[in-house]
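The next block holds one structure in the form of structure tokens; read it before the comments.
Every chain is numbered from 1, with letters handed out A, B, ... down the list of sequences. None of these values were measured; they are calculated from a predicted model.
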Number of protein chains: 2
Amino acid sequence: MDRTNSGRLPGASKARGPYAVGDERRRRILDAAVDHFAQWGFHASSLARIAKSVGVTQGGLLHHFRGKEDLLVSVLERSEEQDAESFFATGFDSAADCFQRLLALVDLNTRRPGRTRMFNVLAGEASEPGHPAHAFFRRRYDTLATRLAETLQAAVESGELRPDTDCATVAREVIAVMDGTQLQWALAPESVDMTHRLRTYLDRLYGAVSAGATALPPTPGAA
Amino acid sequence: MDRTNSGRLPGASKARGPYAVGDERRRRILDAAVDHFAQWGFHASSLARIAKSVGVTQGGLLHHFRGKEDLLVSVLERSEEQDAESFFATGFDSAADCFQRLLALVDLNTRRPGRTRMFNVLAGEASEPGHPAHAFFRRRYDTLATRLAETLQAAVESGELRPDTDCATVAREVIAVMDGTQLQWALAPESVDMTHRLRTYLDRLYGAVSAGATALPPTPGAA
DNA sequence: GTCTATAGTTCGATAGAC
DNA sequence: GTCTATCGAACTATAGAC
């Protein structure tokens, strides 16, 4: 019978409470898996190597995750929980506000290179229809583009953006610039200021689609 | 002694002439390798599987290529010969001409999905400094961005583009949009018109940086 | 919950026949 | 130029002790 806990809710593994020791181990396995998937991709990652880097055996790892695919899915699900949902959790005051939060997200990505590189690698691999993350990434881009387009559309209707703005196209373009810049950054982090590059792009974009102002206001929070 | 021919010039393997039969085999191995690297990445690709898909044994494959890394390098070198160099082979009349040829290149990429997906996957993997293609991709992006920036700079000096154009930044942004769009296309080729998307982007970009005209002239050749 | 042990494949690379 | 044979190592996954 199936004794793995991969699908359960956080902290639900024991009657003892939400912070049982096993959850800490599980979390550390997920963290290690991120780095391994980033370096090796899915297919060439090894459960034994991942387990070793955490300090457990392969058998110990397989108590927490049914198998390799289950580990991958768990990593992706946690990643989505961590920021895609939190990014859209509260609505946006304006398109400018949305762009500012995109910049903050990119800035965050420079501070977690493992996760960022993992997404670069998996997004490339997952174009194969049989890849375990194929459906995940298709859904992810679809959802991301749709929500971003909705946010822009709301800004059109509020009068912030020009009425002739093609929101769906702009949304997908913004995502493309983020991904493409992320690829260049991962290859040469020391010579690519990802946040600065995206800001330059969003500045000109905002100037082109905004009804009034010609540039974004200066960034308050991020970097 | 080293009897592999991986570094030789095309058609130089025999005294018989440039089209000896072995070269055809070699070419078919390279073609197969592209598809395997696209699906599995470098690490998880298997020489035995590649050989089998060509119809030779692993031993037969290893006559032509010293090993897996050598096969990868040969694939990348041939790819560069095929279009990065030919893309810049003849100079550009103008920035508009350069953009038109970029569109033709993207259009070509939709018609060779294997090669395009391989680049998506390897560009992601190669961010790891120890990856066999790491140096290749760093050099590639550097060269590409530099040459593109030079082309734009020439257009600034000819008066086609605005004098305040930041050519280096624009060049890297164009590359990012191409790569990012390519990722989205690979995941959902049936719903992403890569050429159209890039054209929309380049149109607005050209309008923003050109000194006179506000849009690219309609595409003559491509798509 | 973590361990050891092991089954059954497949890997890259080498050696040598023809 | 391609083959067979083979090496040592690594892989996922399972079974069962504690």
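- Residues of residues 28-50 of chain B that place a heavy atom closer than 4.0 Å to DNA chain C, in numerical order, are B/Ser45, B/Ser46, B/Leu47, B/Ala48, B/Arg49.
- Across the protein-nucleic acid pair, A/Lys52 atom NZ and C/dT4 atom P stand 12 Å apart, rounded to whole Å.
- Among residue pairs with one or both ends in residues 48-59 of chain B, those qualifying as side-chain hydrogen bond (donor to acceptor under 3.5 Å, both in side chains) are B/His36-B/Ser53; sequence neighbours excluded.
- Taking the side chain as every heavy atom from C-beta outward, A/Asn109 and A/Trp185 never approach each other to under 4.5 Å.
- Which of C/dA13, D/dT12, D/dT2 sits closest to the side chain of A/Lys68 comes down to D/dT12.
- Rounded to a whole Å, the CG atom of A/Asp23 is 9 Å from the P atom of C/dG1.
- A straight line from CG of B/Asp70 to P of C/dA13 spans 10 Å, rounded to a whole angstrom.
- With C/dT2, D/dT14, D/dC3 as the candidates, the nucleotide lying closest to the side chain of A/Leu62 is D/dT14.
- When the side-chain nitrogen and oxygen atoms of B/Thr57 are compared with OP1 and OP2 of D/dT2, none of them lie within a distance under 4.0 Å.
- A distance of 6.0 Å or more separates the ring centres of B/His43 and A/His43.
- A salt bridge does not link B/Asp23 to B/Arg27: none of the charged nitrogens lies less than 4.0 Å from a carboxylate oxygen.
- For B/Phe87 and B/Phe92, the ring centers sit closer than 6.0 Å to each other.
- For the salt bridge (charged side-chain N to carboxylate O under 4.0 Å, His left out) criterion with A/Glu173, the lone passing option out of B/Arg204, B/Arg197, B/Arg199 is B/Arg204.
- If you take CG of A/Leu61 and P of D/dT12, they are 10 Å apart, rounded to a whole angstrom.
- Within the structure, a side-chain polar atom (N or O) of B/His63 is placed less than 4.0 Å from OP1 or OP2 of D/dG1.
- Distance, B/Phe65 CZ to D/dG1 P: 13 Å, rounded to whole Å.
- Summarising the geometry, the separation between CD on B/Glu69 and C1' on C/dG12 is reported as 12 Å, rounded to the nearest angstrom.
- Contact of the B/Arg26 side chain with the B/Phe65 side chain is registered, since non-hydrogen atoms from C-beta on lie closer than 4.5 Å.
- Phosphate proximity of D/dT2 to B/Arg25: present, with a side-chain N or O under 4.0 Å from OP1 or OP2.
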